[in-house]
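One structure is given here, and the rest of the page talks about it.
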Amino acid sequence: MPKKVIKNQADKIDADLDPVLKRIENAGVLLDTKWLNKINKEVSDKLLTLSGLIYKHSHRDFNINSPSQLATVLFEKLHLPTAGIAKTKTGFSTAASELNKLKGAHPIIEPILEYRELEKLRNTYLETLPKLVDKDSRLHTHFSQNTATGRLSSSEPNLQNIPIRTETGEKLRHAFIAPEGFELISSDYSQVELRVVAHISQDKRLIDTFLKNEDIHARTAAEIEGVPIDEVTKTQRHKAKAVNFGIIYGISAHGLAEGTGMSYGEAKEYIDKYFTLHPNIKKYIKDTILFAQQKGFVQTLLGRKRELPEVNSNIVNVRLAAERMAINAPIQGTAADLIKLAMIEIDKNLGKISPKSKMVLQIHDELLFEAPEGEVAKVADFVKETMENIYPLDVPLTVNIEAGPSWGATKPI
DNA sequence: AACTAGGCT
DNA sequence: GTATAAGCCTAGTTG
């Protein structure tokens, strides 16, 4: 096999990271199978109750896991209103986002939503993970580097999508534990993608926010609504947060409206105000699309390229989709470059600082370690320091560190 | 294999 | 409104 030719900095990063990823995969992460089985039992009981309730409300037995059968029950048998319900290629959508619109219309909706959540948790995690542990009760994922933006991906099992959002989902994280005498340390970059946006776009307000270490979403809300930052309401902050995410994804009024419940017009107005306040972000978007159209690719701060010939497509949807990718790829990809650099550097030195400590996972902007109880503070300091200083930008990178006996029970240290 | 759905950052 | 927020992986149903 010929050695891979290294053409640029991103290729070198990926090559240097490869052996690090191998070590992480080999280390694995300890799983508390007993705890998982206990949750599985509770979830299975609940599912039985829920399916009974759903059958009672629908006056029939059917396969709740079949979107087509569920749509028939909801819209043809129970005659729930279809106004405003999205359509898929095959009929009315039964996605959670659509069912949420029907919550008040029929008591069957709530149990369906809960059923869906618990089925997902049971089938994807509770049933599957215990089957994949090795003889030492450890899970070994496989990391891949060949993604569109430079992020890692994780498979068999994917340990980058372990639940956290719901109450039951969060319980699952408690199954990821440290061995006896050890703790898990979690270190995650705070708002790394928006900090990358601030650096790349040189947007004044964004840079100022991060220099002052202000709450970015509250500040955005304050500026758009024209109120003092400490008078921003929860709703206002929530909307601003959606806009900030939208910037990273290549915002559209429709997408923002979907994500927040704003009307299309309100969303459009909100975005216009945002760009008035952040002219350099508007410029970044414009310049990036132009660059992509002329060169056929975009690139990250460290030169990682993504080919995007579709930005010149005559097909409107194809072109617009490519434009959003062009906006997002340098942001997401730069964040990926930064944490990869940090991982390489940490791997180089961790053995000297704490020989028994190990890096065990990467979840895009977070690293997970296990460290002997007595060395947690030392390892945490080293990790934080390395991540924050890995590649100085025009805004500080900040890292939140937590530690605890399990991934679900880490607390700030 | 296509489609729908949903877990994470 | 033609379409519609970025990147992943996995599971179940359907034909």
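Throughout, protein chains are lettered first and strands after them, A, B, ... in sequence-line order, and every chain is numbered starting at 1.
Per the geometry, NZ belonging to A:Lys340 stands 15 Å off P belonging to C:dG7, to the nearest Å. Atom pair A:Asp365:CG and C:dA6:C1' shows a separation of 14 Å (rounding to whole Å applied). Separating the CG atom of A:Asn63 from the C1' atom of C:dG12 is a distance of 8 Å, rounded to the nearest angstrom. Going from atom CZ of A:Phe275 over to atom P of C:dA5 covers 15 Å, rounded to whole Å.
Within the nucleic acid shown, A:Arg151 comes within 4.0 Å of at least one base atom, counting heavy atoms only. Heavy atoms of A:Ala96 sit under 4.0 angstrom from primed sugar atoms or phosphate atoms, though from no base atom. Among the protein residues, A:Leu256 comes within range of the nucleic acid bases, having at least one heavy atom under 4.0 Å from a base atom. When heavy atoms are screened at a 4.0 angstrom cut-off, A:Gly259 is found touching base atoms of the nucleic acid. At the heavy-atom level, A:Thr128 lies under 4.0 Å from the strands shown only through sugar-phosphate atoms. Base contact: A:Lys120 has a heavy atom under 4.0 Å from a base atom. Heavy atoms of A:Arg306 sit under 4.0 angstrom from primed sugar atoms or phosphate atoms, though from no base atom.
Remark: A:His140 NE2 is packed, more than 12 non-hydrogen atoms of other residues, nucleotides or ligands lying under 6.0 Å away.
Side-chain atoms of A:Gln160 and A:Ser154 form no donor-acceptor pair, as typed in the model, at a separation below 3.5 Å.
The footprint of chain A on DNA chain B, defined by a heavy-atom cutoff below 4.0 Å, extends from B:dC3 to B:dT9.
With A:Asn244 as the fixed residue, the side chain to side chain donor-acceptor pair (under 3.5 Å) test singles out one of A:His217, A:Lys239, A:Gln191, A:Arg219: A:His217.
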